[in-house]
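Because the structure is predicted, anything quoted here is derived from the model rather than measured. Heads up: numbering here begins at 1 and tracks the sequence.
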Amino acid sequence: MFEATFAAELGNRIGTRVEVATDNNLIEGILSTVTAELALVIDVTSGYGDNVKLYISVDAINFVRFPVAA
């Protein structure tokens, strides 16, 4: 039940910078897409090359932070 509410709130934040923590990773990037099961974060690096797409299971997320731009 909580996962649906959590996914809906993440859906309201699409296009914003996020930090997503799981048991093993801290992922930083832009929240691109959210479904009931998955969140897509695009890791935008400050170098040359392609951006990395990271699909994260919603039930594997421990917390999400929305950093404020300085």
Side-chain angles (χ1 to χ4, degrees):
M1 183 167 96
F2 176 72
E3 289 178 16
T5 304
F6 183 54
E9 180 59 31
L10 287 177
N12 292 332
R13 307 278 187 134
I14 289 175
T16 61
R17 293 196 62 77
V18 293
E19 294 176 358
V20 179
T22 65
D23 287 343
N24 302 321
N25 296 310
L26 179 63
I27 300 155
E28 300 178 50
I30 297 175
L31 186 61
S32 177
T33 306
V34 178
T35 67
E37 291 92 23
L38 294 172
L40 171 61
V41 176
I42 299 179
D43 181 17
V44 181
T45 58
S46 61
Y48 296 101
D50 295 332
N51 298 329
V52 177
K53 296 178 182 176
L54 301 164
Y55 291 92
I56 307 160
S57 177
V58 171
D59 62 354
I61 296 173
N62 292 333
F63 71 86
V64 176
R65 203 180 103 174
F66 301 96
V68 178

Applying side chain to side chain contact (heavy atoms under 4.5 Å, CB included) between Val20 and each of Ile56, Leu54, Asn62, report the one that passes.
Ile56
Residues forming a side-chain contact (heavy atoms from CB on, under 4.5 Å) with Ala8, sequence neighbours excluded:
none
For Val58 and Leu38, which heavy atoms make the closest approach, and how far apart are they?
CG2-N, 3.8 Å
Nearest heavy-atom approach of Glu19 to Leu26 is CB-CD1, 4.2 Å
Linked, directly or transitively: Phe66 and Ile14 (ILVMFWY side chains, under 4.5 Å)
yes
If the condition is side-chain contact (heavy atoms from CB on, under 4.5 Å), which residues does Thr33 pass it with, not counting sequence neighbours?
Leu40
Heavy-atom check, side chain of Asp43 versus side chain of Ile27, under 4.5 Å
no
Grab the two heavy atoms, one from Thr22 and one from Ile61, that are nearest each other, plus how far apart they are.
CG2-CA, 4.5 Å
Among residues at least two apart in sequence or on other chains, which ones pass side-chain contact (heavy atoms from CB on, under 4.5 Å) with Glu9?
Asn12, Arg13
From Glu37 atom CD to Glu3 atom CD, the distance as rounded to the nearest 0.5 Å
9.0 Å
Same cluster (ILVMFWY, side-chain, under 4.5 Å), Phe2 and Leu10:
yes
